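Because the structure is predicted, anything quoted here is derived from the model rather than measured.
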Amino acid sequence: MATLFLSVLPKFHPSLNFQTKITIHSCQSKINHKKIISTTTRGIRSKHYSSHERIFKVLDDFICKFIINTSLSPHVDPKHELSGNFYPVEELPPTACQVVEGSLPPTLEGGAYIQNGPNPQFIPRGPYYIADGDGMLHSIKFSGGGKAIFCSRFVKTHKYIMERDLGYPFFPNPVAYFISNSVRFILLTLARFIIGGKINPLTTGIGTANTSVFEFAGRLFAMIESDLPYAIKISPDGDIITIGRHDFHSSDNDLFLNMTAHPKVDAGTGEAFAFRYNVIPPFLTFFRIDPNGRKQKDVSIFSIKGVTSYMHDFAVTKRFAVFLDAQLVIDPLGIMRGKKILRVDPEKTPRLGVIPRYATDDSEMYWTDVPGLNMMHVINAWEDDDDATCNKIVMVVTNILPVEINLLERRSSTHLSLEKITIDTKTKEVVRCIVSTRSIDFGAINPKYAGKKNRYMYAAAIENYPKMVGVVKLDLSLCEEYSGDSAVVASRIYGPGCYGSEPIFVAREANNPTAEEDDGYLLVYVHDENTKESKFIVMNAKSPSLEVIAAVKLPGRVPHGFHTTFVSKVDLLIP
């Protein structure tokens, strides 16, 4: 979100002294731990500052001490947001793990389970929200004989490297400011860029790469929607290496600054589809990346008027893409009216927009009102059959209910309902069915069924978002239109004080065309706040109790994170 705002600064402040384009490469597999700030003394290292850095440091200290930190609300107070298992950890080099229960299934061999999430390099000195931390990847790599190697590394973004070298947090925390002190954020940001003079967000990006992990075209990426992806690599010894910021070979004339953290890959064609949103028209841009990893021409969506909607996810089927214009909006000019930059607009009616996935413009796009739908994640989407005359799109999504109790200011009260949505592309009618009334999110399916009709899905049971207290298995065939009945057919709750990661499904026999859809395993990290230990857990996805068949004790703590992935052959990824 910071990039979205900062991208328009040159339009209003042409005198800012921006540098030329920089691409960060950090291919060292071993980090000098003397440069890592201790989690107990995360502060400012003594170093020689330039004159303008000294000036900025004095100004920054004054703003943080006397203006910003005088009355922080709990939802942006770092003492509150970084408590318990949200507290950041240091990097951990590749370390062998002990299997303490059962044995790891052979299908995991050669692969790795990876979680991405926020982990601030420095304890924030001003407002902080959990989505603001630096990206840290926690990977467990599997080799022959049931062996496992665990590693935790920061994504070496431009922001991370610059702050590491300066020795203190130079960048403001955008989400915290957007939902609280909007004017102060703008003043502080301008002061930092004018005095510092070292950053051009248009060319270097200032994102944290802390949201998701995405595999495409033989590469692995750490992603956030406010920046471009960072290519990463898992080395043979299990280390996590940042290769650099990646623009998918976009042209020099393409102002390609950021993209969604949730691209969709069509396994049949090898293409990826993605989007970005902005604070100036066009507020939404849709694009395709070809199987060779090259970005294609933008499709600008001009049918979104006024302020931009916060669009975290979308759906892609065989012929269509579907977007949600929700009640969460980003409105930088709203501060002139005493409003927050990122806020809920209670007067707005959400709507779904459908566009052909190979559209060259937005002339064929249409929108349909869907009151009360504020979609968070799309778990799967498909067309009801393979017939060329098919006219129904089906999506399974999580919905924030009610939106007034939202993820921003009352995170602990957030409830996410699971819905099955059917769109008739001829009549434009939308039918919604409640799949489960439990608060669940971070859903997963058998990847073989991505973009196709599926029966089973798995999701994290949520308490105090994003804390995941367990995992549930759902059978979509039990969901009838308007029924509202629960489709949960199996579940596992981790126990008091135990919280997990986003579950990932791995098929037991990935290349067996006759295998049953739920014949496989669920992978998660689980942290026990009572013992202060973290484990990697493998569950039987077919079991009525989601039986644990293997557990690995991890040598380091895994803080609460966001999205995960399983890469089956990490050694084959392109460096």
Fill in: K535 atom NZ, over 12 foreign heavy atoms within 6.0 Å
no
Worksheet item: Does one side chain, of E547 or N540, offer a donor that lies under 3.5 Å from an acceptor on the other?
Response: no
Worksheet item: Hey, would you say the F216 and F221 ring centroids sit under 6.0 Å apart?
Response: no
Worksheet item: So, N258 side chain and L228 main chain: donor-acceptor pair closer than 3.5 Å or not?
Response: no
Practice prompt. Salt-bridge test for D237 and K141: reply yes if a basic N is under 4.0 Å from a carboxylate O, no otherwise.
Written response: no
Discussion item. Using 30° and 60° as the class boundaries, would you call the ring planes of F142 and F566 parallel, tilted or perpendicular?
Written reply: tilted
Worksheet item: How far apart are the closest heavy atoms of L257 and R245, and which atoms are they?
Response: O-NH2, 3.5 Å
Worksheet item: Does R219 pair with E215 as a salt bridge, N-O distance under 4.0 Å?
Response: no
Worksheet item: Quick check: are there more than 12 heavy atoms from other residues, nucleotides or ligands sitting under 6.0 Å from NZ of K147?
Response: no
Worksheet item: Looking only at atom types and distance, does a side-chain atom of N530 sit under 3.5 Å from a main-chain N or O of P496, one as donor and one as acceptor?
Response: yes
Item to complete: Measure centre to centre between the rings of Y499 and H560, then say whether the value is under 6.0 Å.
Response: yes
Discussion item. Centroid separation under 6.0 Å, is that true for the rings of Y465 and F442?
Written reply: yes
Discussion item. With heavy-atom distances below 4.5 Å as the criterion, would you say the side chains of L416 and M376 are in contact?
Written reply: yes
Practice prompt. Please test N380 against N454 for side-chain hydrogen bond (donor to acceptor under 3.5 Å, both in side chains), starting from the C-alpha separation and ending with a verdict.
Written response: CA-CA 8 Å; N380 198 19; N454 70 295; 2.9 Å; yes
Fill in: Heavy-atom donor-acceptor pair, H262 side chain to A315 backbone, under 3.5 Å
no
Discussion item. Once side chain to side chain donor-acceptor pair (under 3.5 Å) is applied, do any residues pair with S212, and if so which ones, sequence neighbours excluded?
Written reply: none
Worksheet item: Run the side-chain hydrogen bond (donor to acceptor under 3.5 Å, both in side chains) check on E81 and Y87 step by step: do they pass?
Response: CA-CA 8 Å; E81 290 292 271; Y87 196 81; over 6 Å; no
Worksheet item: How about M375 and T398: do any of their side-chain heavy atoms sit closer than 4.5 Å?
Response: no
Worksheet item: Between V538 and L104, does a side-chain contact (heavy atoms from CB on, under 4.5 Å) hold up when you go through it step by step?
Response: CA-CA 8 Å; V538 182; L104 296 170; 4.1 Å; yes
Item to complete: First locate atom CD1 of I330, then atom OG of S309, and finally report the distance between them rounded to the nearest 0.5 Å.
Response: 8.0 Å
Worksheet item: Does the side chain of Y113 pick up a donor-acceptor pair with the side chain of S501 at under 3.5 Å?
Response: yes
Discussion item. A side-chain contact here means heavy atoms from C-beta on lying under 4.5 Å apart; do Y456 and K542 qualify?
Written reply: no
Worksheet entry | P88 to R557 - nearest heavy-atom pair and separation | O-NH2, 3.5 Å
Worksheet item: Got more than 12 heavy atoms from elsewhere within 6.0 Å of NZ, K553?
Response: no
Worksheet entry | Qualifying residues under side chain to side chain contact (heavy atoms under 4.5 Å, CB included), relative to S83, sequence neighbours excluded | none
Practice prompt. Taking only Lys NZ, Arg NE, NH1 and NH2, and the carboxylate oxygens of Asp or Glu, determine whether K264 and D313 approach each other closer than 4.0 Å.
Written response: yes
Worksheet item: Quick one: do the H80 and H75 side chains pair a donor with an acceptor below 3.5 Å?
Response: no
Worksheet item: Pick one: which of P466, P120, P559, P78 meets side chain to side chain contact (heavy atoms under 4.5 Å, CB included) with F86?
Response: P466
Worksheet item: Regarding Y458 and E502, is there a side-chain donor-to-acceptor distance under 3.5 Å anywhere?
Response: no
Worksheet item: Around atom CD of E463, are there more than 12 heavy atoms of other residues, nucleotides or ligands at under 6.0 Å?
Response: no
Worksheet item: Going by heavy atoms in the side chains, are F154 and N119 under 4.5 Å from each other?
Response: yes
Discussion item. The test is ring-ring contact (aromatic ring centres under 6.0 Å, His included); show your working for F122 and Y168 and say whether it passes.
Written reply: CA-CA 7 Å; F122 299 94; Y168 65 90; 7.8 Å; no
Worksheet item: Going by atom types alone, do T208 and D134 pair a side-chain donor with an acceptor below 3.5 Å?
Response: no
Discussion item. Is the distance between the ring centroids of F178 and Y129 under 6.0 Å?
Written reply: no
Practice prompt. Anything under 30° is parallel, anything over 60° is perpendicular, the rest tilted; go ahead and classify H312 against H563.
Written response: parallel
Item to complete: Salt-bridge test for E91 and K156: reply yes if a basic N is under 4.0 Å from a carboxylate O, no otherwise.
Response: yes
Discussion item. Using side-chain heavy atoms (C-beta onward) and a distance below 4.5 Å, is V548 in contact with R492?
Written reply: yes
Worksheet item: What closest approach, in Å, do L328 and N374 show between heavy atoms, and which atom pair accounts for it?
Response: N-OD1, 4.1 Å
Worksheet entry | Polar side-chain atom of N446 near backbone of E517 as donor-acceptor pair, under 3.5 Å | yes
Worksheet item: Mind checking whether T260 and F214 have side chains closer than 4.5 Å, heavy atoms only?
Response: no
Item to complete: Would you mind reporting whether D132 and P118 have side-chain heavy atoms less than 4.5 Å apart?
Response: no
Practice prompt. Decide yes or no on ring-ring contact (aromatic ring centres under 6.0 Å, His included) for Y230 and H246, but give the supporting numbers first.
Written response: CA-CA 6 Å; Y230 275 79; H246 191 79; over 10 Å; no
Fill in: Side-chain heavy atoms of V567 within contact of L573, under 4.5 Å
yes
Practice prompt. Taking atom types as modelled, find out whether Q327 and D345 have a side-chain donor-acceptor pair closer than 3.5 angstrom.
Written response: no
